[in-house]
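The structure under discussion appears below in the form of structure tokens.
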Amino acid sequence: MNSNPIGIFDSGVGGLTVCKAIRELMPSEHLIYFGDTARFPYGTRSLDTIIRYSREIADFLLSRNVKMIVVACNTASAVALKTLQGEIKVPVVGVIEAGARAACRAQDNGIVGVVATRATVNSLSYEKAILEINPNMRVIQRHATIFVSLTEEGWVDDDITRLAADKYLRGMYNEGVRTLILGCTHFPLLKNAIHSVFPEMVLVDSGYEIALEIKRMLKEKNLENLRNDGVVELYASDITDTLQRLKDMFFGENGSGIHKMIIDSRV
Ligand code: DGL
């Protein structure tokens with residue numbers, strides 16, 4: 001038993017989808033979420049910058065005595081996970097491998113699609129993780145930067161979003177993709193829009209998959225909080241309208257307040 005908090009971080013608000021999944025599956029855990037809203041997005045930044053930002057946030061979470069760090073951000077998981085795992089004593093988990101495992105289980109035609117940010121796609125992290133599980137799998141990737149902006153705008157189930165889904169995903173659909181990894185924290189919010197264009201597509205939410213794995217891992221390592229005093233603390237590097245809106249959507253208007261935490265002034 002370990003009642004220390006679980007630290008979760010993301011480039012911004014999207015990781016609240018992961019935070020919510022962890023909260024629902026493990027309501028007795030104390031969660032500390034950090035969203036780097038002032039430096040969002042990560043998906044178009046260089047590898048060095050993403051690693052530097054991730055280290056700074058991990059230091060903040062460690063200063064709060066977290067028992068584990070969850071890299072909820074697909075881009076940071078793709079680019080910085082190995083570095084953090086090599087430097088930090090507590091377990092550090094990312095979303096890529098959990099998503100890859102779930103997609104390999106879900107597919108039935110040997111083809112998996114991945115839709116993610118440019119940095120995640122360029123890192124080939126999903127492809128490597130999938131091929132490690134099954135070297136015969138065919139992986140088709142597409143970056144979909146506009147999906148991020150559409151989600152931030154709140155246009156999660158809108159004509160323009162369905163049009164973007166068709167534009168981004170039609171090519172991989174025609175090549176046989178019927179199992180698609182939503183490889184960005186924002187994309188689970190677009191499930192309805194994607195399904196209305198591609199009704200038979202199986203959508204894999206990497207954030208939900210890592211939440212399931214964390215629950216098993218805490219039990220196995222005897223790290224569960226059995227005191228039943230779960231609470232969610234939210235920190236962000238800037239308090240934006242989108243953050244406030246999504247926080248209210250996920251945790252209710254009476255949920256946790258958001259604390260502003262400047263991680264580094266060199267934004
Ligand atoms: N959290 C990021 C991700 O999952 C959202 C997009 C971004 O920061 O560019 O990749």
Side-chain angles (χ1 to χ4, degrees), residues 1-12 14-23 25-26 29-36 39-40 42-43 45 47-102 116-117 119-120 123-126 128-130 132-133 181 183-185 205-225 232-237 261 263-264:
M1 131 104 186
N2 183 329
S3 56
N4 287 6
I6 298 176
I8 305 166
F9 82 85
D10 179 42
S11 58
L16 287 173
T17 54
V18 184
C19 187
K20 183 170 192 269
I22 296 175
R23 174 84 179 142
L25 289 171
M26 292 154 268
E29 295 295 336
H30 175 182
L31 308 182
I32 300 183
Y33 178 89
F34 183 89
D36 202 0
R39 304 189 291 195
F40 176 87
Y42 282 13
R45 296 194 189 274
L47 306 191
D48 285 354
T49 300
I50 297 166
I51 292 173
R52 175 162 64 84
Y53 289 177
S54 300
R55 274 193 178 120
E56 288 165 3
I57 300 169
D59 283 348
F60 161 66
L61 293 172
L62 289 170
S63 76
R64 296 293 316 273
N65 277 329
V66 294
K67 61 182 169 189
M68 157 183 266
I69 293 181
V70 182
V71 186
C73 179
N74 283 258
T75 305
S77 294
V79 173
L81 184 72
K82 295 259 156 19
T83 306
L84 296 182
Q85 285 173 333
E87 294 174 351
I88 291 173
K89 291 218 171 64
V90 300
V92 185
V93 295
V95 287
I96 306 276
E97 284 171 3
R101 277 191 281 272
T117 63
T120 302
S123 75
L124 299 179
S125 301
Y126 272 110
K128 285 180 202 147
I130 291 166
E132 217 157 274
I133 299 163
I181 298 179
C184 173
T185 46
D205 175 350
S206 299
Y208 184 70
E209 297 301 329
I210 192 62
L212 291 171
E213 291 195 5
I214 290 166
K215 189 172 163 71
R216 282 196 294 273
M217 192 187 295
L218 291 181
K219 202 173 174 62
E220 270 164 35
K221 292 185 188 286
N222 202 19
L223 286 174
E224 289 167 299
N225 184 355
V232 184
E233 280 181 72
L234 299 176
Y235 292 86
S237 45
M261 169 69 57
I263 288 276
D264 188 322

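No experiment lies behind these values; they were computed from the predicted model shown. Just so it is clear, the values below take in all heavy atoms, side chains as well, and ignore hydrogens, waters and symmetry mates.
With 3.5 Å as the limit, one finds no donor-acceptor pair spanning the side chains of Arg23 and Tyr33.
Interatomic distance, CE of Met1 versus CG of Asn225, reported as 5.0 Å (0.5 Å rounding). Between atom OG of residue Ser125 and atom CD of residue Glu97 there is a gap of 9.0 Å, rounded to the nearest 0.5 Å. Rounding to the nearest 0.5 angstrom, the gap separating the CD1 atom in Ile69 from the CD1 atom in Ile88 is 4.0 Å. To the nearest 0.5 Å, the span separating CD on Gln85 from OG1 on Thr83 amounts to 9.0 Å. To the nearest 0.5 Å, atom CD1 of residue Ile96 and atom OG of residue Ser123 are 6.0 Å apart. Glu87 CD to Lys89 NZ: the interatomic distance, rounded to the nearest 0.5 Å, is 11.5 Å.
With respect to the salt-bridge test (charged N to carboxylate O, under 4.0 angstrom), the residues Lys67 and Glu29 qualify. With respect to Glu132 and Lys128, no salt bridge is recorded, no charged nitrogen being found less than 4.0 Å from a carboxylate O.
Using modelled atom types, one side-chain atom of Ser77 and one backbone atom of Val71 make a donor-acceptor pair closer than 3.5 Å. When atom types are taken as modelled, the side chain of Glu224 and the backbone of Leu218 share no donor-acceptor pair closer than 3.5 angstrom. In this structure, Arg45 contributes its side chain and Arg39 its backbone to a donor-acceptor pair below 3.5 Å. Panel note: side chain Asn4, backbone Asn65; a donor-acceptor pair is recorded below 3.5 Å.
In this structure, the side chains of Arg101 and Glu213 come closer than 4.5 Å at one or more pairs of heavy atoms. Looking only at side-chain heavy atoms (C-beta outward), Val18 and Asp10 stay at 4.5 Å or farther from each other.
Residues Gly15 and Ala72 share a closest heavy-atom pair of CA-CB, 4.1 Å. Contact detail for Cys19 and Val232: the closest heavy-atom pair is SG-CG1, 4.0 Å. The two residues Val66 and Ile6 come nearest to each other via the heavy atoms CG1-C, 4.1 Å. Scanning both residues, Ile50 and Ser54, for their nearest heavy atoms gives O-OG, 2.8 Å. Nearest heavy-atom pair, Cys73 versus Tyr42, reported as atom, atom and distance to 0.1 Å: SG-CD2, 4.3 Å. The two residues Leu61 and Ile8 make their nearest non-hydrogen contact at CD1-N, 4.1 Å.
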Legend entry - Verdict with reasoning, Phe34 to Ser237, per side-chain contact (heavy atoms from CB on, under 4.5 Å): CA-CA 8 Å; Phe34 183 89; Ser237 45; 3.9 Å; yes
Inset, instruction - Would you sort out whether Phe60 and Tyr235 count as a ring pair (Phe, Tyr, Trp, His ring centres under 6.0 Å), showing the intermediate values? - result: CA-CA 10 Å; Phe60 161 66; Tyr235 292 86; 5.2 Å; yes
Legend entry - Verdict with supporting geometry, Thr75 and Thr185, side-chain contact (heavy atoms from CB on, under 4.5 Å): CA-CA 9 Å; Thr75 305; Thr185 46; over 6 Å; no
Legend entry - Stepwise side-chain contact (heavy atoms from CB on, under 4.5 Å) test for Glu209 and Leu212: CA-CA 5 Å; Glu209 297 301 329; Leu212 291 171; 3.9 Å; yes
Inset, instruction - Walk me through it: do Thr17 and Asp205 pass the test side-chain contact (heavy atoms from CB on, under 4.5 Å)? - result: CA-CA 10 Å; Thr17 54; Asp205 175 350; 5.6 Å; no
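Tested against Met68, the residues Val90, Leu223, Ile214 include a single side chain to side chain contact (heavy atoms under 4.5 Å, CB included) partner, Ile214.
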